[in-house]
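Written below as structure tokens is the structure these notes are about.
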Amino acid sequence: MPNDFQSRLSQTVQDIEQVLEGIIAQGTGDRTRLAAAMRHAALGGGKRLRPFLLVSSAALFGVDRNCALRTAAALECIHCYSLVHDDLPAMDDDDLRRGRPTVHVAFDEASAILTGDGLLTLGFEILSDHATHQNADIRCRLIGAMARASGAKGMIAGQMLDIEAEKKSLPVENIIRMQKLKTGALIEYACEAGAILGEAGIKAQRALRAYAGDLGLAFQITDDLLDYKGADDEVGKRTGKDGHRGKATFVSLLGASGAYDEAQRRIRSALEHLAFFDERAEPLRQVAKFVLGRKS
Ligand code: GRG
């Protein structure tokens, strides 16, 4: 593995692309319209931040990289499904994602719903596969944790709170609660899955959970900041939407500089939680700094 952060990240981007290509071809029969839409949604774009967090967490415990990459591909399928459904007219009604037309624009609305459904179920199929981990107990733990993170007590609950919050003014504690579910749950899963694969001890699990909790919030704050001051072509999606919709965000509550200060505070705290680990946690330290300075 290369040593510096950018090379490590690009290596993971390439590896995940390859694993996803194979899995989508295998899982769909390849030449169908559904396969084309799933490829559009999941391949050739995105920062692959969650996969990077997962393989970097797993590497702390010397987990086989192929197992980590397959688990990371499952997580990315679930993340991509959430983006496809979030972009639908009934949700955020977006026409641009990862610098390309969203799935319902490039295909049609019904295809986008099915594409999301296909990616969601494919994610769980990958986790249940013997090739992901030979130990059935570990596979069950990965599946249970994924269901909790992505389901009605995790990401979906966060999305519902987000929809209900439109045009309301919310105290910062409620925004934190909503964002911990909507965005944080999958980021926390990335680190939790690394610990499950590595059969980590309780102290390591706690340290990783606390790190991921702070990182998830910092990630959401930088997302709000990009929406506030980023440009569509640089960010790869429509910006300025939160203000337009009157959404309560970290920026609307704290102002841009207050929000940035809060993101910095969260990143400092995330780094403190990593003090438990040795130099093998360096990629996790670097990704925390990357989140603070990200431009997309
Ligand atoms: C299941 C409909 C449904 C929604 C779930 C995750 C989510 C809720 C909606 C996604 C919309 C969104 C913009 C959320 C804010 C933060 C976030 C998840 C941004 C996108 O993640 P990145 O920046 O995207 O990691 P890439 O394209 O790099 O993978």
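For ligands, and for the atoms within them, numbers begin at 1 and follow the listed sequence.
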Considering only non-hydrogen protein atoms, determine which one is nearest to [atom] and report residue, atom name and distance to 0.1 Å.
atom                    : answer
atom 4 (C) of ligand 1  : Q159 CD, 3.4 Å
atom 5 (C) of ligand 1  : M155 CG, 3.6 Å
atom 19 (C) of ligand 1 : D223 OD1, 3.8 Å
atom 3 (C) of ligand 1  : S82 O, 3.8 Å
atom 14 (C) of ligand 1 : K182 CE, 3.6 Å
atom 22 (P) of ligand 1 : K47 NZ, 3.4 Å
atom 1 (C) of ligand 1  : Y81 OH, 3.5 Å
atom 13 (C) of ligand 1 : K237 NZ, 3.7 Å

| query | Is the number of heavy atoms from other residues, nucleotides or ligands within 6.0 Å of CD (Q18) greater than 12? | reply |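 It does not: Q18 CD has 12 such atoms or fewer within range.
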
With side chains defined as the heavy atoms from C-beta onward, is the minimum distance between [X] and [Y] less than 4.5 Å?
X    : Y    : value
D223 : K237 : yes
D224 : Y228 : no
L215 : R266 : no
V287 : S56  : no
I156 : M160 : no
F276 : L208 : no

Distance-only N or O hit between ligand 1 and [X], under 3.5 Å:
X   : result
R98 : yes
R50 : yes
H79 : yes

I need the atoms of ligand 1 closer than 4.0 Å to a non-hydrogen atom of [X], numbered in the order shown.
X    : answer
R294 : 23 (O)
Q220 : 15 (C), 16 (C)
H85  : 2 (C)
I156 : 1 (C)

| query | Strictly under 4.0 Å, does any heavy atom of Q179 approach an atom of ligand 1? | reply |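 Q179 does not count as a contact of ligand 1 under the 4.0 Å cut-off.
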
| field | contact_flag L83 ligand 1 heavy-atom lt 4.0 Å | value |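 Yes, L83 has heavy atoms under 4.0 Å from ligand 1.
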
To the nearest 0.5 angstrom, please state how far the [atom1] atom of [X] sits from the [atom2] atom of [Y].
X    : Y    : atom1 : atom2 : result
T102 : L83  : OG1   : CG    : 11.0 Å
D227 : K247 : CG    : NZ    : 8.0 Å
L292 : L271 : CG    : CG    : 9.5 Å

| query | What part of L88, side chain from CB on, backbone N/CA/C/O, both or neither, has a heavy atom under 4.0 Å from ligand 1? | reply |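 Near ligand 1, L88 shows nothing, with every heavy atom at 4.0 Å or more.
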
| field | Which segment of T183 sits under 4.0 Å of ligand 1 when only heavy atoms are counted | value |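 Just the side chain.
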
| said: Applying the salt bridge (Lys or Arg N to Asp or Glu O under 4.0 Å) criterion to R238, which one of D233, D95, D94 satisfies it? | reply: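 Considering D233, D95, D94, a salt bridge (Lys or Arg N to Asp or Glu O under 4.0 Å) with R238 is found only for D95.
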
| said: I'd like to know whether F52 forms a ring-ring contact (aromatic ring centres under 6.0 Å, His included) with F5, so could you lay out the CA-CA distance, the side-chain angles of the two residues, the decisive distance to 0.1 Å, and finally the verdict. | reply: CA-CA 10 Å; F52 186 79; F5 174 68; 5.4 Å; yes

